[in-house]
Amino acid sequence: MSPSTLDKSFPVSWWELHRDAKALAWRLMSAQPFKGIIAITRGGLVPAAIIARELEVRLIDTLCIASYDDRSQGDAQVLKRIPGDGTGWLIVDDLVDTGSTARVVREMLPKAHFATIYAKPAGRPLVDTFVTEVSQDTWILFPWDTDMQAVPPLIKR
């Protein structure tokens, strides 16, 4: 899917992302303790930093998976793995979409707690905790992928 083929977009500002990551931290408080956080790169890096601060977690690692570019989703390619089965770890990502990345993560780290800020219906069953659900046909525009600019009204697009 690409933004040009979708009817809906869901722009998220830096402030909104911070607020939603903090809300995710609130939900995760009852699932503690975590021995550390595993951020799914790249989208999970910023939310993981916010959650680490809120939960006072100091041990942070990355699971590097490439599946998106700025226009579409492809096959998940694992660039860096995490040893073990995930016991005691919190996995953080920005979004679960079709579930292709989440399935790879679950296979590698089945005992970790998996949390995302945003969830779409196809991927939602693969995560343990999330904050906001959006429809499958919505393209989330994260602040690191956007630039402030004027746009025409919806009726004129």
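Because only heavy atoms are used, hydrogens play no part in the values below, and waters and symmetry mates are left out as well, while side chains stay in. Predicted model only: the values in this text are computed from it and were never measured. The residues of the chain are indexed from 1 along the displayed sequence.
Counting only distance, with no hydrogens or angles, the side chain of Arg27 and the backbone of Phe130 share a donor-acceptor pair below 3.5 Å. Side-chain atoms of Arg106 come within 3.5 Å of backbone atoms of Ala112 as a donor-acceptor pair (strictly under, hydrogens ignored). No donor-acceptor distance shorter than 3.5 angstrom exists from the side chain of Lys22 to the backbone of Ile51, with no hydrogens or angles considered. For the pair Lys111 (side chain) and Gly84 (backbone), a donor-acceptor distance under 3.5 Å is absent.
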Check the pair Leu90 / Gln32 against side-chain contact (heavy atoms from CB on, under 4.5 Å), numbers first and verdict last. CA-CA 9 Å; Leu90 169 62; Gln32 290 192 99; over 6 Å; no

Check the pair Ile91 / Leu63 against side-chain contact (heavy atoms from CB on, under 4.5 Å), numbers first and verdict last. CA-CA 9 Å; Ile91 298 167; Leu63 175 56; 5.7 Å; no

Please determine whether side-chain contact (heavy atoms from CB on, under 4.5 Å) holds for the pair Met108 and Ile82, giving the CA-CA distance in whole Å, both sets of side-chain angles, and the decisive distance to 0.1 Å. CA-CA 8 Å; Met108 286 190 291; Ile82 299 290; over 6 Å; no

Step-by-step side-chain contact (heavy atoms from CB on, under 4.5 Å) determination, Ile40 to Val92: CA-CA 6 Å; Ile40 306 297; Val92 175; over 6 Å; no

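When all heavy atoms are compared, the tightest approach of Leu79 to Ala66 is CD1-CB, 4.1 Å. When all heavy atoms of Leu28 and Ala115 are compared, the closest pair comes out as CD2-CB, 3.9 Å. Shown here for Ala119 and Leu95, the closest heavy-atom pair between the two residues is N-CD1, 4.5 Å. Residue Ala39 comes nearest to Gly44 through the heavy atom pair CB-O, 3.7 Å, listed as atom of the first residue, atom of the second, then distance.
Using a 4.5 Å heavy-atom threshold, the side chains of Val134 and Trp139 count as separate. The closest side-chain heavy-atom distance from Ile50 to His18 is below 4.5 Å. Side-chain contact between Asp61 and Ile37: absent, with no pair of heavy atoms (C-beta onward) separated by less than 4.5 Å. The side-chain heavy atoms of Asp97 and Gln136, taken from C-beta on, include a pair separated by under 4.5 Å. Under the 4.5 Å side-chain criterion, counting only non-hydrogen atoms from C-beta, Thr41 is not in contact with Ile65. Using a 4.5 Å heavy-atom threshold, the side chains of Trp89 and His113 count as separate. The closest side-chain heavy-atom distance from Asp94 to Trp144 is below 4.5 Å.
Rounded to the nearest 0.5 Å, atoms CG (Asp20) and OG (Ser13) are 8.5 Å apart. One distance of note links CE of Met29 with CZ of Phe34; it measures 11.0 Å at 0.5 Å rounding. A distance of 9.5 Å separates CG in Leu109 from OG1 in Thr87, rounded to the nearest 0.5 Å. Note that CZ of Phe114 is 7.5 Å distant from CG of Leu126, once rounded to the nearest 0.5 Å. Atom-to-atom distance recorded for Thr62:OG1 and Lys80:NZ is 3.5 Å, nearest 0.5 angstrom. Atom CD of Glu16 is separated from atom CD1 of Ile117 by 11.5 Å, given to the nearest 0.5 angstrom.
When only modelled atom types and interatomic distance are considered, Lys8 and Ser135 share a side-chain donor-acceptor pair under 3.5 Å.
Cluster membership check: Leu45 does not share its hydrophobic cluster with Leu59, using side-chain heavy-atom separations under 4.5 Å among Ile, Leu, Val, Met, Phe, Trp and Tyr.
A salt bridge links Arg124 with Glu133; the closest basic N to acidic carboxylate O contact falls under 4.0 Å.
The neighbour count for Trp14 CH2, taken as heavy atoms of other residues, nucleotides or ligands under 6.0 Å away, is above 12.
When each of Val12, Thr138, Asp93 is checked for a side chain to side chain contact (heavy atoms under 4.5 Å, CB included) with Tyr118, only Val12 meets the rule.
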